[in-house]
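Report on the following structure.
Numbering of ligands and ligand atoms starts at 1, following listing order. Here, residue 1 is the first one in the sequence, and each next residue gets the next number. These numbers come from the heavy atoms of this one structure, side chains and all, not from hydrogens, waters or symmetry mates. Here the structure is a predicted model, which is why all the values come from computation and not from measurement.
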Amino acid sequence: MTSLTLQAPAKVNLTLDILGARPDGYHEMEMVMQSVSLCDAVTLDLGDPGGIRAESGLHFLPKDKDNLAVAAALAFREAAGQDWQDLRITIQKEIPVCAGTAGGSSDAAAVLRGLNTLTGAGFSPQELARVGEAVGSDVPYCVLGGTALAQGRGEILTPLKPLPPCHIVLCKPAFSISTPALFREWDKQKRRLRPDTQGAMAALDQGDLVALGRRMFNVFEGVLPSQQRREIEGIKTALIQAGALGAAMSGSGPTVLGLFDREDLAQAAADRLKETYAEVFLTQPV
Ligand code: ATP
């Protein structure tokens, strides 16, 4: 049996835009993504008898191929032309579930990276990202990580200049959001608020956190049901008042992120939000 433990970082969206609906039922996306230091820990025990399964200690997470980590293992085995039968995947969950922070996709990406090492398959990071495409739209990004522009369904990735040193506060309110419902609502809307993605990329290129903060925006914020929208706006306002350079919802929510250049302000903002919200995290870009 061979074992390996990997970090699976959460992802946040500095911007999220939808360019249009596609004939295949997906939407054409344009997103500036960033991985952060909030991580699940994924341990692989290859050869551990019992088939391919995922254990997380969370009763509501699937253990079979409905778990993205198992789906990734199956996709990897097929792509590598291997025939091993036994893999125990142990996931220590730290990333909130259904939060817009790609926890499941990041677990899947960690499995791909880990199996590549354990089996010596020798896929390049780009090849591994391609194996992840069938597992989920965010998996290719999670394989590569860092700061990147994601286009298409999220699988067309362009690395961007890393963020200058900064701090990112995450706050997840208690409600959950249906991603398909948000896309349906977006399809219906005529007038849409949109992020300045080019401006955000130029700000990154210049290492200008203030300019980047001003351009953080997620189009899904404009199509939320009104009560949820009010709560997201409330968290954004609290972050900005606490000194964030910008704030936006991540992915299809409901996690909100605030970008800070000063750690003391970020810490104070996180402490303040913890008085109201159970899931608040102070992170850095990774
Ligand atoms: P994204 O930002 O990519 O939209 P998310 O943060 O909204 O992701 P996840 O927590 O990644 O959502 O996934 C939530 C759904 O995926 C749940 O229905 C959960 O049962 C299922 N799932 C499958 N595998 C995992 C996993 N390893 N971790 C978390 N959720 C998983």
Subject >> Test salt bridge (Lys or Arg N to Asp or Glu O under 4.0 Å) applied to Glu127 and Arg130, step by step >> reply: CA-CA 5 Å; Glu127 287 168 337; Arg130 215 163 303 131; 5.8 Å; no
Original post:
Does ligand 1 have a heavy atom under 4.0 Å from the side chain of Asp138, from its backbone, from both, or from neither?
Top reply: side chain
**OP:** Determine, stepwise, if the pair Thr90 / Glu55 fulfils side-chain hydrogen bond (donor to acceptor under 3.5 Å, both in side chains).
**Re:** CA-CA 5 Å; Thr90 311; Glu55 294 164 8; 4.6 Å; no
Original post:
Does atom 21 (C) of ligand 1 have a protein heavy-atom neighbour under 4.0 Å away?
Top reply: no
Original post:
Can any side-chain N or O of Tyr26 pair as donor or acceptor with the backbone N or O of Gly152 at less than 3.5 Å?
Top reply: no
**OP:** Pull out every atom of ligand 1 sitting under 4.0 Å from any heavy atom of Asn67, numbered as shown with elements.
**Re:** 23 (C), 24 (N), 25 (C), 26 (C), 27 (N)
Original post:
Under the 3.5 angstrom rule, does the side chain of Ser250 hit a backbone N or O of Gly100 as a donor-acceptor pair?
Top reply: yes
Original post:
Hey, which atoms in ligand 1 end up nearer than 4.0 Å to a heavy atom of Asp107?
Top reply: 26 (C), 27 (N), 28 (N)
**OP:** Please check if the side chain of Asp45 supplies one atom and the backbone of Asp48 the other of a donor-acceptor pair under 3.5 Å.
**Re:** no
Subject >> Backbone of Leu115 reached by a side-chain donor or acceptor of Thr119 within 3.5 Å >> reply: yes
Original post:
N/O of Pro62 under 3.5 Å from N/O of ligand 1, yes or no?
Top reply: no
**OP:** Answer yes or no: is there a donor N or O on one side and an acceptor on the other, between the side chain of Asn67 and the main chain of Pro62, under 3.5 Å?
**Re:** yes
Original post:
What protein heavy atom sits nearest atom 23 (C) of ligand 1, and how far off is it?
Top reply: Asp66 O, 3.3 Å
**OP:** Please state whether Ile95 comes within less than 4.0 angstrom of ligand 1, counting heavy atoms only.
**Re:** no
Original post:
Heavy-atom distance from atom 30 (N) of ligand 1 to the protein below 4.0 Å?
Top reply: yes
Original post:
Has the side chain of Lys161 got a donor or acceptor atom that lies under 3.5 Å from a matching backbone atom of Asp205?
Top reply: yes
**OP:** Could you check atom 5 (P) of ligand 1 against the protein and tell me its nearest heavy-atom contact, residue, atom and distance included?
**Re:** Gly100 N, 3.5 Å
**OP:** Starting from atom 11 (O) of ligand 1, find the nearest protein heavy-atom neighbour and note its residue, name and distance.
**Re:** Gly104 N, 2.7 Å
Original post:
Taking the side chain from Asn116 and the backbone from Phe123, do they hold a donor-acceptor pair closer than 3.5 Å?
Top reply: yes
Original post:
So Trp186 and His27, would you call those rings parallel, tilted or perpendicular, with 30° and 60° as cut-offs?
Top reply: perpendicular
Original post:
What is the nearest protein non-hydrogen atom to atom 19 (C) of ligand 1, stated with its residue, atom name and distance?
Top reply: Leu61 CD2, 3.8 Å
Original post:
So is Leu68 polar-close to ligand 1, meaning N/O to N/O under 3.5 Å?
Top reply: yes
Original post:
Of all the non-hydrogen atoms in the protein, which one sits nearest to atom 2 (O) of ligand 1, and at what distance?
Top reply: Ala102 N, 2.9 Å
Subject >> Atom indices of ligand 1, in the order listed, that fall short of 4.0 Å to a heavy atom of Lys11 >> reply: 2 (O)
**OP:** Could you pull out, from Ala69, Ala99, Cys98, Ala54, the option with a heavy atom nearest to atom 18 (O) of ligand 1?
**Re:** Cys98
Subject >> Test item, Gly251 contacting ligand 1 (heavy atom, 4.0 angstrom) >> reply: no
